[in-house]
Number of protein chains: 2
Amino acid sequence: MLNKNDVVPLYIQLKRILRSQILNGVFKEMDMLPSETQLMKKYQITRTTIRKAIAELNQEGLVQQVHGKGTFVRLRETKDTVWNFQGFSDLARRQNQKPITKVLEKETYQTDGNHFMKLVRLRGLKSEETTTWMTIDTSHVPLKIFPNVEDNDFSSTSLYKLMRETYHIFPHYANVNIEPIISTPIIRERFELPEDQALLRSSGIVLTESNIEIERIEIIYSPNFKFKLSQYI
Amino acid sequence: MLNKNDVVPLYIQLKRILRSQILNGVFKEMDMLPSETQLMKKYQITRTTIRKAIAELNQEGLVQQVHGKGTFVRLRETKDTVWNFQGFSDLARRQNQKPITKVLEKETYQTDGNHFMKLVRLRGLKSEETTTWMTIDTSHVPLKIFPNVEDNDFSSTSLYKLMRETYHIFPHYANVNIEPIISTPIIRERFELPEDQALLRSSGIVLTESNIEIERIEIIYSPNFKFKLSQYI
DNA sequence: TAGTGGTCTAGACCACGGT
DNA sequence: CCGTGGTCTAGACCACTAG
């Protein structure tokens with residue numbers, strides 16, 4: 001339910017509720033969300049506020065509004081529109097494939113008096129008998145914000161899930177640079193590439209809703225990753 | 001002024017007015033737009049409608065709303081956040097550099113009974129004595145929608161400006177795939193690259209606000225291009 | 001304190017989709 | 001026809017910024 005006295009605006013509270021219901025499967029792919037009228041009654045707020053929440057979910061690509069019909073979950077659309085920092089596990093689940101993670105490095109270090117965990121993971125999708133490697137992720141997370149995070153087994157635990165559920169910190173926004181690179185021997189070996197080829201690398205930071213920096217990240221994408229991008233002109 | 005009987009919603013009419021005023025320099029970089037209250041009086045519409053227009057300009061990256069201060073033009077921010085289909089000339093102007101275009105190919109052809117113009121351009125920025133090549137653009141535009149477009153001299157005329165001003169058709173949305181490639185001898189020669197290296201290539205379609213396909217495009221980006229991307233998680 | 005944008009209410013009328 | 005989302009009005013109160 002919503003708290004009208006909370007400092008968090010109602011439409012953001014509602015957005016979080018709906019988003020988590022979608023990600024947790026309360027509403028599934030292609031399901032219709034409750035209509036705006038129904039949500040008005042349920043949460044006792046006006047349609048304007050409802051529509052603001054839904055408009056942002058739409059913008060984030062989680063739902064699709066269709067005039068005259070309703071508002072529908074669309075996990076499908078996002079599945080190949082992936083500069084995905086959505087969390088790899090979420091992504092995999094949407095494709096009905098099992099995420100698989102190999103931890104290549106995990107260590108803590110100190111710089112300028114601040115402690116960090118460095119985590120390098122090889123990530124892929126497993127379906128039946130083939131494993132497709134997709135990315136090599138390198139994360140740096142501040143221990144000040146996530147104390148003892150290094151004690152987790154990241155081959156079975158999602159970093160973003162941990163952030164949300166254990167630390168109640170919500171990754172919200174990513175700001176990254178994109179560049180093409182040519183694979184190195186190490187990358188070739190990890191991705192099992194037959195020959196050197198061009199790949200994409202992104203690097204940047206992940207922020208919370210209040211612009212707190214919670215992660216520095218580098219992702220190298222395998223050629224198995226397909227990128228789609230839509231942009232307003 | 002706005003036409004309340006037009007089928008085009010008021011907030012879209014207003015958005016177009018403000019956008020063209022920004023692009024045409026009526027409001028310059030860092031200028032403050034008229035406040036929402038002033039716009040209410042000027043256009044005789046309610047603040048909700050104003051805010052919807054401005055919110056979309058914000059989303060498109062053209063303005064920045066600052067609580068307690070005002071709404072400001074921010075051409076600067078977008079200047080390196082470029083998967084820019086914004087039109088190369090617009091982009092160059094924002095960087096206070098001169099766009100320079102070399103037409104490499106221009107021809108019309110027919111396929112499935114439809115006529116198209118194919119246009120290949122090498123594009124760059126000229127500042128003082130150096131020219132920096134940025135992209136190789138290949139465009140396919142339907143002559144059915146843009147009759148006689150092939151008669152233009154594209155070394156001095158912007159394609160998008162032509163679409164807008166001569167044909168009154170507004171590019172609005174781009175849907176593209178991104179992939180890394182390794183340069184070919186032809187590309188190396190055109191970009192004057194000392195050696196083969198990884199580059200980015202995007203290809204896709206450009207649509208109007210009513211989802212009419214007006215262009216198929218391929219862009220190869222030189223290493224001089226820097227990409228920044230922001231995304232909600 | 002005055003002016004700005006941010007949130008929210010309580011309505012209204014419309015256009016679209018399916019029955 | 002009814003239910004859906006799309007647009008718009010006319011207010012209200014709040015939080016932030018700056019003089």
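Numbered from 1 within each chain, the chains take letters A, B, ... in sequence-line order. Keep in mind that this is a model prediction, so the values were computed, not measured. These numbers come from the heavy atoms of this one structure, side chains and all, not from hydrogens, waters or symmetry mates.
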Using Watson-Crick pairs (N1 to N3, plus N6-O4 or O6-N4) and G-U wobble pairs, both distances under 3.5 Å, which stems of at least 3 pairs involve DNA chain D?
C:1-18 with D:1-18
When the distance from CG of N3(B) to P of dT7(D) is rounded to whole Å, what number comes out?
16 Å
Report the distance from atom CD1 of I12(B) to atom C1' of dT7(D), rounded to the nearest whole Å.
10 Å
Between dT7(D) (P) and D6(B) (CG): distance, integer Å
13 Å
Heavy atoms under 4.0 Å is the rule here; annotate nucleotides 9-19 of chain D 5' to 3' with B where the base is hit, S where only the sugar-phosphate is, and - elsewhere.
BB-B--BBBS-
Please confirm whether the shortest side-chain N or O distance from Q65(B) to OP1 or OP2 of dG6(C) is below 4.0 Å.
yes
Would you say Y167(A)'s side chain and P147(A)'s backbone share a donor-acceptor pair under 3.5 angstrom?
yes
Between C1' on dC8(C) and CZ on R51(B), what's the gap in Å once rounded to a whole number?
11 Å
N/O donor-acceptor pair under 3.5 Å between T157(B) side chain and F154(B) backbone:
no
Starting at the 5' end of DNA chain C and moving along, which residue's nearest nucleotide shows up first, Q38(B) or Y11(A)?
Q38(B)
Nearest whole angstrom, please: distance from the C1' of dG5(D) to the NZ of K52(A).
18 Å
Side chain proximity check, Y221(A) to S202(A), heavy atoms < 4.5 angstrom:
yes
Please identify each residue that fulfils side chain to side chain donor-acceptor pair (under 3.5 Å) with R121(A), with sequence neighbours left out.
none
Spacing of OG1 belonging to T46(A) relative to CZ belonging to R51(A), to within rounding of 0.5 Å
11.5 Å
Plane angle bin for Y109(B) and F116(B) - parallel if under 30°, tilted between 30 and 60°, otherwise perpendicular:
parallel
T71(A) vs dG5(D): side-chain N/O to OP1/OP2 distance below 4.0 Å:
yes
Hey, does the side chain of Q13(B) reach the backbone of V8(B) with a donor-acceptor pair shorter than 3.5 angstrom?
yes
